[in-house]
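Only this structure's heavy atoms are used, side chains among them; waters, hydrogens and symmetry mates stay out. Note that the structure is a prediction, hence the values are computed from the model and not measured.
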Amino acid sequence: IRKIARLRRLTGFPDSNSTSSKNLMFLGIEIGGTKLQLGVGHGDGSDFVAFERREVDIARGAEGIREQIRRVGRELIASHPIERVGYGFG
């Protein structure tokens with residue numbers, strides 16, 4: 001969360017106090033054995049605003065997964081006013 005707040009300040013995004021709850025955006029990260037999925041949405045059951053799916057390179061292990069999350073996550077954070085992040089394992 002701190003890194004997102006720092007990235008927001010560096011990129012000029014408004015802080016969480018200036019965004020109404022109706023426009024609140026979430027980044028969800030799902031880490032599976034064969035795929036990695038990152039989705040951006042309002043968290044109210046509506047369709048994703050953005051969705052990225054990547055295959056997991058098992059040979060690269062955890063470091064490969066972390067690198068993919070950093071790369072794709074940064075792209076999504078730069079493109080959408082994300083206020084919260086959640087993750088899960090499948």
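The side chain to side chain donor-acceptor pair (under 3.5 Å) check on Glu75 picks up nothing, with sequence neighbours excluded. The side chain to side chain donor-acceptor pair (under 3.5 Å) test applied to Glu63 returns Arg66, Arg70, not counting sequence neighbours. Shown here are the side chain to side chain donor-acceptor pair (under 3.5 Å) partners of Thr34, two or more places apart in sequence or in another chain: there are none. The side chain to side chain donor-acceptor pair (under 3.5 Å) check on Gln68 picks up nothing, with sequence neighbours excluded. For Glu67, the salt bridge (Lys or Arg N to Asp or Glu O under 4.0 Å) test picks out Arg60, Arg71, with sequence neighbours left out.
Once rounded to the nearest 0.5 Å, the distance linking CG of Leu38 with CD1 of Ile77 reads 9.5 Å. Within the model, atoms CG of Leu27 and CG of Leu76 stand 6.0 Å from one another, a figure rounded to the nearest 0.5 Å. Within the model, atoms CD1 of Ile69 and CZ of Arg74 stand 12.0 Å from one another, a figure rounded to the nearest 0.5 Å.
Sorted by first then second residue, the ring pair (Phe, Tyr, Trp, His ring centres under 6.0 Å) pairs that include residues 49-69, not counting sequence neighbours, are Phe48-Phe51.
Using a 4.5 Å cut-off on side-chain heavy atoms (C-beta onward), Val49 and His42 make contact. The closest side-chain heavy-atom distance from Val72 to Leu36 is not below 4.5 Å.
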The test is side-chain contact (heavy atoms from CB on, under 4.5 Å); show your working for Met25 and Glu83 and say whether it passes. CA-CA 6 Å; Met25 299 291 281; Glu83 295 289 332; 5.6 Å; no

